[in-house]
Structures are given as C-alpha cells and as structure tokens.
Amino acid sequence: MRCDVITLFPEMVAPVLESSMLKRAREKGLLEVRVHNLRDYTLDKHKVADDVPYGGGAGMVMKAEPIFRAVENIRQPYERHGEQVRLLLPSPQGRPFTQEYAHQLAADSRPLLILCGHYEGIDERVRVALKPEEISIGDYVLTGGELAALVLIDAAARLISGVLGAPESLAEESFSEPLLEYPHYTRPAEVRGLSVPEVLLSGHHEAIRLWRRKQALRTTQERRPDLLKDRELTLEDRRLLDEIIREGVRYAGVCGGGG
Ligand code: 4FV
C-alpha cells in the first residue's frame, strides 16, 4: 500500500506512522507513506496556505493554488510510470467509511493521495477541478482531515496480508462480517473477584466457538440490530438468536452473568 498525505500539520501525522502496527508495516515494506507539507507548495515568502472566505463569515479557507501545485507535483512521478493516483479527501460530506471500504482501499494497487483539509475547509474549486473521492469517518466535525487520514491508513494497512501478526484474527473481528466482536479475556483467571466464563477454560473448541458466536450475536442484537436487519442468517445463528431471545437476560459479559 502506497500513500502520500498532503497536510498543513505533518507533525500531527508523522509520529503515528512511526509507532506500532504502521511502523512495522513500513519496516516490512508492506506500507509506504510519505507526508508532504502543503506550505512547501505555497508561492509567497510567508508560505500562506489559507485566507478569509469570499462572502464573509467566520474561519479561514484553504487556498486552491498550493493544493493544485502539491497534487500535481506528487502525481507526476507516478503518472510518468503510467500509474493513476487515487485522490482522497476526508470530509463530513464524504461517503461513510466502513470496514468494507477499508478492504477496498487495501486491495487497490493504485497509490493513494490523501488531502487533509483544515479550518472551514478547502476552496471549492479544488473539488471542481480535481474531483477528489470524499470519505467521511463519521457525522461530526474535526478541526482537520489529519486524524481522518490516519484512520483510513490504519484501517486499510492492517488488512494487508503480512501486516498483522495473526492474519486469522482478521476473520473473526467486528465487521469482518457485520457482527460485533465477542468478549475477550486473558490471564489471570481471577481479577478483583471477577472470573472468566468456564467454557473458555474448558479447552472444548466447539463449545468455545459456539459461545463466542452467541456473544457476538447477542452484542450485535443489543447494540447494533441494524447490522442484523435483512442479513442472511445461518441455521445455527438463527438457533442461537432464538436462545438469546428466549433467555431474554442481558448478558453482563462477566461470569455469573449467564450467557
Ligand atoms: C471529517 C469527517 C471532518 C471538516 C473541516 C476538516 C473536517 C475540516 N473528515 N470525516 N467527519 N473534516 O470533520 O472526514 O477541514
């Protein structure tokens, strides 16, 4: 996965790329990320990249020219090699970002170019001329696109085979199929009087698989019933959901809570 990030605040982005999974992915050569400071593409000695909005109003707008110059400059080497760059713009107006979208980004061989907006946003002529693919990470307003850019990179990079130590864990996690995750436990078996569900200590793999499936279905039904709506359920899932409904008890997630 190759990714270029254009931002006014590289210091917000670079440190995250130098830690944990993203750092390992880069060291393994499975992820390439270059961070570009938009100010390097401004024309004036004060490196001004934003200005007051035409028509008045609060806040500042990011100037179009530095963005055009940055995008053209970063695209060129790729286009010289016949590669088309995928230009992404994190914004509240964008298509909702989902696990499925993350898979799509991870599977795309094109280099990604992520433009981070800031302040009130970018000059609309950038959208008109460059037609960036807009992606929203949620219905709330951030101070800038940097955090959203890191969300996109993190969610996609971890899906690249070889990045995560245990690729099999990808198969069972939330939204791998639209179910929320089952509860996880680790040593010690007793914490502040709280124990671990017996079944997980039983070594009985089929019973453990069923217990985890049931918990995932229960949590999904309780917290995100929308994820279960018009979803093709297996016979087993239907049986487990019937059990859950019959039990009708809210699973507290900690032993002694049934489930
Ligand atoms: C955002 C979001 C987001 C809007 C104005 C940056 C900010 C500022 N990006 N999903 N929600 N962006 O709030 O992606 O330019």
Side-chain angles (χ1 to χ4, degrees), residues 1-17 21-22 31 33-43 46-74 85-108 110-159 174-175 178 224 226-227:
M1 180 172 155
R2 290 166 299 162
C3 189
D4 290 87
V5 178
I6 299 171
T7 171
L8 278 172
F9 301 94
E11 68 279 10
M12 273 183 78
V13 178
V16 176
L17 301 171
M21 178 272 289
L22 294 173
L31 171 67
V33 186
R34 292 178 313 161
V35 180
H36 307 266
N37 188 332
L38 184 59
R39 286 197 199 290
D40 299 344
Y41 298 92
T42 54
L43 296 168
H46 302 297
K47 297 185 172 301
V48 173
D50 61 305
D51 205 338
V52 296
Y54 275 121
M60 299 294 274
V61 175
M62 291 172 73
K63 295 166 71 69
E65 188 52 34
I67 296 173
F68 286 138
R69 291 159 50 82
V71 170
E72 281 148 14
N73 187 282
I74 295 162
V85 168
R86 187 172 177 179
L87 179 62
L88 306 179
L89 172 65
S91 89
Q93 298 92 346
R95 198 176 117 202
F97 188 54
T98 62
Q99 188 66 3
E100 191 214 338
Y101 207 155
H103 277 282
Q104 203 226 59
L105 289 180
D108 192 333
R110 290 175 292 174
L112 305 179
L113 174 49
I114 306 179
L115 170 60
C116 299
H118 223 84
Y119 315 120
E120 299 316 304
I122 63 175
D123 187 299
E124 189 62 16
R125 290 166 286 188
V126 171
R127 280 190 177 84
V128 173
L130 299 181
K131 296 183 179 41
E133 183 182 337
E134 298 197 49
I135 306 178
S136 171
I137 64 165
D139 297 342
Y140 41 79
V141 181
L142 303 168
T143 57
E146 286 75 15
L147 296 177
L150 289 167
V151 165
L152 303 183
I153 295 170
D154 185 287
R158 62 189 295 282
L159 299 172
S174 291
F175 306 110
R224 293 290 308 277
D226 58 298
L227 293 175

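One is the number of the first residue; the rest follow in order along the sequence. In listed order, ligands and their atoms are each counted from 1.
At a heavy-atom distance under 4.0 Å, atoms from both the backbone and the side chain of Pro90 approach ligand 1. The part of Ile135 lying near ligand 1 is the backbone, judged by heavy-atom distances below 4.0 Å.
The protein heavy atom nearest to atom 14 (O) of ligand 1 is Ser91 N, 3.3 Å. If you check which protein heavy atom lies closest to atom 5 (C) of ligand 1, you get Tyr119 O, 3.5 Å. Protein heavy atom closest to atom 15 (O) of ligand 1, with residue, atom name and distance, is His118 N, 3.2 Å. Of the protein's non-hydrogen atoms, Pro92 CD, 3.7 Å is the one closest to atom 4 (C) of ligand 1. Shortest contact from atom 10 (N) of ligand 1 to any protein heavy atom: Ile137 N, 3.0 Å.
Which parts of ligand 1 touch Gly138 is read off a 4.0 Å heavy-atom cut-off, strictly below it: atoms 11 (N). Here is the list of ligand 1 atoms found below 4.0 Å of a heavy atom in Gly117: 15 (O). When each atom of ligand 1 is checked for a heavy atom of Val141 under 4.0 Å away, the hits are 13 (O). Atoms of ligand 1 found under 4.0 Å from any heavy atom of Ala148, numbered from 1 in the order shown, are 9 (N), 14 (O).
Taking any N or O of Gly145, backbone or side chain, none lies under 3.5 Å from an N or O belonging to ligand 1. Considering both main-chain and side-chain atoms, Thr143 never comes within under 3.5 Å of ligand 1 through any nitrogen or oxygen pair. Here's the thing with Leu142: one of its N/O atoms is less than 3.5 angstrom from an N/O atom of ligand 1. Any N or O atom pair closer than 3.5 Å counts here, and Gly144 shares no such pair with ligand 1.
Screening Val35, Ile114, Asp40, Leu113 for a side chain to side chain contact (heavy atoms under 4.5 Å, CB included) involving Ile6 leaves a single residue, Leu113.
Ion pairing of Glu124 with Arg127 is present here, as a side-chain N (NZ or NE/NH1/NH2) and a carboxylate O approach within less than 4.0 Å.
When all heavy atoms of Lys63 and Val48 are compared, the pair lying nearest together is CD-O, 3.8 Å. Of all heavy-atom pairs spanning Tyr119 and Leu8, the tightest one is CE1-CD1, 3.6 Å. Contact between Tyr101 and Pro96 at its shortest, heavy atoms only, is CD1-O, 3.6 Å. Between Gly59 and Pro53, the shortest heavy-atom contact is O-CD, 3.2 Å. Residues Pro132 and Val126 come closest through the heavy atom pair CD-O, 4.0 Å. Asp154 and Leu22 get closest at one heavy-atom pair: CA-CD2, 4.1 Å.
Ring geometry for Phe9 against His118 counts as tilted: the plane angle lies between 30° and 60°, on a 0 to 90° scale.
Atoms CD1 and CG, on Ile135 and Leu105 in that order, are 5.5 Å from each other to the nearest 0.5 Å.
Residue contacts with ligand 1 leave out Gly94, since none of its heavy atoms falls under 4.0 Å from the ligand.
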